[in-house]
Amino acid sequence: MSESDAGAGSELVERLHRRLDRIEDLLEPAAGSEERPSWRQPTEGEERWAVTAAILVAVGLQLLLPDRLTIHPRWLLPALDITLLLALAAVHPHRRFDRSSILLRGLGLSLVAAISLANAWSAVELVRELVHGTGRKGRSRCSARPEPSG
């Protein structure tokens, strides 16, 4: 990268920062006002029971999938999900999950990543079976039809 390119990039970044500062100034409430934009309002975290229920449903659905659509060993990702859920509960034993700690955020993102990985793997395997027609260990639906009588 030449010096002129670096200078142009630096100038562009500086211009973007000035524009963003100007936009934030326009959005700031008047002096002495208590109003704030909604994205700057402090909010309560999610209720623990709802998050826990959603995770347990995801784990249950992972366990109900046929063996051919799961990552092997089949218990690995559901066990990881439950372990991460228990770690979240141990790190943050309050009624609501919030974003107050880097560790809590990391555990939550890891849990979402594990569930997403399991879902993506199952979806890819299912699509592969559909494209190649290899579901149910070579048994096709057409061969399972009863012969017409008569």
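In this chain, residues are counted from 1 in sequence order.
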Peer 1: Could you list all the side chain to side chain donor-acceptor pair (under 3.5 Å) pairs where at least one residue sits in residues 109-129, not counting sequence neighbours?
Peer 2: R68-E129, E125-R128
Peer 1: In Å and rounded to the nearest 0.5 Å, what is the CD1 to CG distance from I71 to L65?
Peer 2: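 Answer rounded to 0.5 Å: 11.0 Å.
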Peer 1: If you link I, L, V, M, F, W and Y whenever their side-chain heavy atoms are under 4.5 Å apart, who else ends up in the same group as L16?
Peer 2: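 The other cluster members (ILVMFWY side chains, heavy atoms under 4.5 Å, direct or chained) are L12.
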Peer 1: Minimum heavy-atom separation for G108 and L88, please, with both atom names.
Peer 2: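 Looking at all heavy atoms of both residues, the closest pair is N-CD2, 3.9 Å.
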Peer 1: Grouping I, L, V, M, F, W and Y whenever their side-chain heavy atoms are under 4.5 Å apart, do V51 and L111 come out in a common cluster?
Peer 2: yes
Peer 1: State plainly whether one hydrophobic cluster holds both I115 and L117, where clusters connect Ile, Leu, Val, Met, Phe, Trp and Tyr through side-chain heavy atoms under 4.5 angstrom apart.
Peer 2: yes
Peer 1: Tell me whether L84 shares a hydrophobic cluster with L86, the cluster being built from Ile, Leu, Val, Met, Phe, Trp, Tyr side chains joined at under 4.5 Å.
Peer 2: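 As far as the 4.5 Å side-chain criterion goes, L86 and L84 are connected within one cluster.
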Peer 1: Could you name each residue pair satisfying salt bridge (charged side-chain N to carboxylate O under 4.0 Å, His left out) that touches residues 82-94, not counting sequence neighbours?
Peer 2: none
Peer 1: Going hydrophobic residue to hydrophobic residue with side-chain gaps under 4.5 angstrom, can you get from I55 over to L63?
Peer 2: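 Yes, it is one cluster - the side chains of I55 and L63 are joined through contacts under 4.5 Å.
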Peer 1: When hydrophobic residues are tied together by side-chain contacts of less than 4.5 Å, even through go-betweens, does L103 share a cluster with L80?
Peer 2: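 Per the 4.5 Å side-chain linkage, L103 and L80 are co-clustered.
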Peer 1: As an exercise, state the distance from CZ of R105 to CG of L107, rounded to the nearest 0.5 Å.
Peer 2: 12.0 Å
Peer 1: Give the intermediate values and the outcome of side chain to side chain contact (heavy atoms under 4.5 Å, CB included) for residues L56 and I82.
Peer 2: CA-CA 8 Å; L56 292 176; I82 295 296; 3.7 Å; yes
Peer 1: Tell me the closest heavy-atom pair linking L77 and A118, and the distance in Å.
Peer 2: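 Minimum heavy-atom separation between L77 and A118: CD1-CB, 3.5 Å.
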Peer 1: For residues 109-118, pull every pair meeting salt bridge (charged side-chain N to carboxylate O under 4.0 Å, His left out), keeping only residues two or more places apart or in separate chains.
Peer 2: none
Peer 1: Provide the full list of salt bridge (charged side-chain N to carboxylate O under 4.0 Å, His left out) pairs with a residue in residues 74-90, sequence neighbours left out, each pair given once.
Peer 2: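 For residues 74-90: D67-R74.
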Peer 1: Using a 4.5 Å cut-off between side-chain heavy atoms of Ile, Leu, Val, Met, Phe, Trp and Tyr, which other residues end up in the same hydrophobic cluster as L76?
Peer 2: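 Noted: L76 shares its cluster with W75.
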